[in-house]
Amino acid sequence: MTHDGPVDHLEQNRRFWDDEAAAWHGPLARDHWAQTEPSWGLWATPESGASVLPDGIDGMRAIELGCGTAYVSAWLARAGARPVGIDVSEKQLATAQAMQAEFGIDFPLVLGNAEKVPYEDDTFDLAISEYGASLWCDPYQWIPEAARLLVPGGRLVFMRYSPLFALCVPPEGPPSTTLTRGQFGLTRLHRGSHVEFILPHGEMLRLLRSCGFVVEDLMEIQAPRSAHTDYEDVPADWARQWPSEEIWKARLAG
C-alpha cells in the first residue's frame, strides 16, 4: 500500500512548533516531567487504568517518535527503559534538554524527522507516540518506519485524535455535534498554520497489518466527569459524549 502526497507538512509543522506552539507548550513540560505516574492525553488518563506501557519495560530499548519536550521518554527512563527521543522542533528539544538537566534524567535527543529516523533496522523493542508522529506525520511514512525500527515482537503504541473528532471539527475552533466533512478520503487536516493526519479506523487497521503489525487493542477515551478544562479545540462536554482521542496498541509479528 502506498500513499503519494505533498511533503510540505514537515516544514510547515516544524515552523508551527518552533514559531508558535513551543511558547505555550514549553511551560507544561515541568509538570509532565514531575509526574510519578504517567497520564495520557488531554484527559490525563492514568497509566493504572489504560496500561499503555507493555509489561517488562525494564531494559527495553524505546524510541519516542515526535517526542516534543520528551516527558514520555522521561517516564520510560524512570521505569527502567532505555529511550531515545526524536523531534523536528529545535525549540521543543531545547526544552527537553533543560528538563533533563533539572530532573537529572539523561537519554539521547535527536533533531530529526520521525518519518525517516537515523537508526538501523531492528534497533528498538518499543516505539511510542503520544500526539507526536501519530498526529503530525504522514501515517504512510511513519508507521512503516516504526516497523523498520522495531525488532520482531516489538511493540508500537500511539495516541491521536479520533476519526470522529476529525469528522466533526471545522478548520478552526471546536468540534460540532454534526459531521462537517466526509469520512472517505480522510487523511490530512489543514488546521490553521499546520497539518494533522487522521486515518479512519479501517484504513489505519489495513495500514498496520500491511506493515506486519498485529493490533492488540484500540481504546477510545472518554473525558471523565471530573474534567472541567475546556481546551480550545476540544470541550470537555463534547469529549464526555464522543471520543476525542484514542490509543492504539500493536505488536510486530515475528
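Predicted model, so just to flag it, every value in this text is computed and none were measured.
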After noting the C-alpha distance and the side-chain angles of Cys67 and Val84, does the key distance pass the side-chain contact (heavy atoms from CB on, under 4.5 Å) rule? CA-CA 9 Å; Cys67 66; Val84 171; over 6 Å; no
For the [atom1] atom on [X], are there more than 12 heavy atoms of other groups (residues, nucleotides or ligands in this structure) within a distance under 6.0 Å?
| X | atom1 | answer |
| --- | --- | --- |
| Asp55 | CG | no |
| Arg181 | CZ | yes |
| Arg30 | CZ | no |
| Glu37 | CD | yes |

Tell me whether Arg14 is salt-bridged to Glu11, with the criterion being a basic N under 4.0 Å from an acidic carboxylate O. yes
Please determine if Glu216 and Arg155 form a salt bridge, counting it only when a charged side-chain N lies under 4.0 Å from a carboxylate O. yes
If you take the centroid of each ring, where Trp contributes its six-membered ring, are [Y] and [X] closer together than 6.0 Å?
| X | Y | result |
| --- | --- | --- |
| Phe158 | Trp142 | yes |
| Trp238 | Tyr231 | no |
| Trp136 | Phe16 | yes |

Spacing of [atom1] belonging to [X] relative to [atom2] belonging to [Y], to within rounding of 0.5 Å:
| X | Y | atom1 | atom2 | value |
| --- | --- | --- | --- | --- |
| Ile63 | Ser129 | CD1 | OG | 10.5 Å |
| Glu220 | Gln222 | CD | CD | 11.0 Å |
| Thr95 | Glu102 | OG1 | CD | 11.5 Å |
| Leu10 | Glu115 | CG | CD | 4.5 Å |
| Ile221 | Thr45 | CD1 | OG1 | 4.5 Å |
| Gln183 | Leu199 | CD | CG | 10.5 Å |

Indicate whether the side chain of Ser162 and that of Trp242 have a donor and an acceptor atom separated by less than 3.5 Å. no
No-hydrogen, no-angle side-chain donor-acceptor test under 3.5 Å, Glu130 and Tyr71: yes
Check whether any side-chain heavy atom of [X] lies under 4.5 Å from a side-chain heavy atom of [Y], and answer yes or no.
| X | Y | result |
| --- | --- | --- |
| Trp17 | Val88 | no |
| Ile143 | Leu208 | yes |
| Ile105 | Ser73 | no |
| Asp122 | Pro152 | yes |
| Arg78 | Phe103 | yes |
| Glu203 | Pro139 | no |
| Val169 | Asp233 | no |

Per side chain to side chain contact (heavy atoms under 4.5 Å, CB included), Glu64 is matched among Val110, Val72, Leu126 by Val72
Where does the angle between the aromatic ring planes of Trp33 and Phe107 fall among parallel (under 30°), tilted (30 to 60°) and perpendicular (over 60°)? parallel
Can you label the angle between the Trp75 ring and the His32 ring as parallel, tilted or perpendicular, going by 30° and 60°? perpendicular
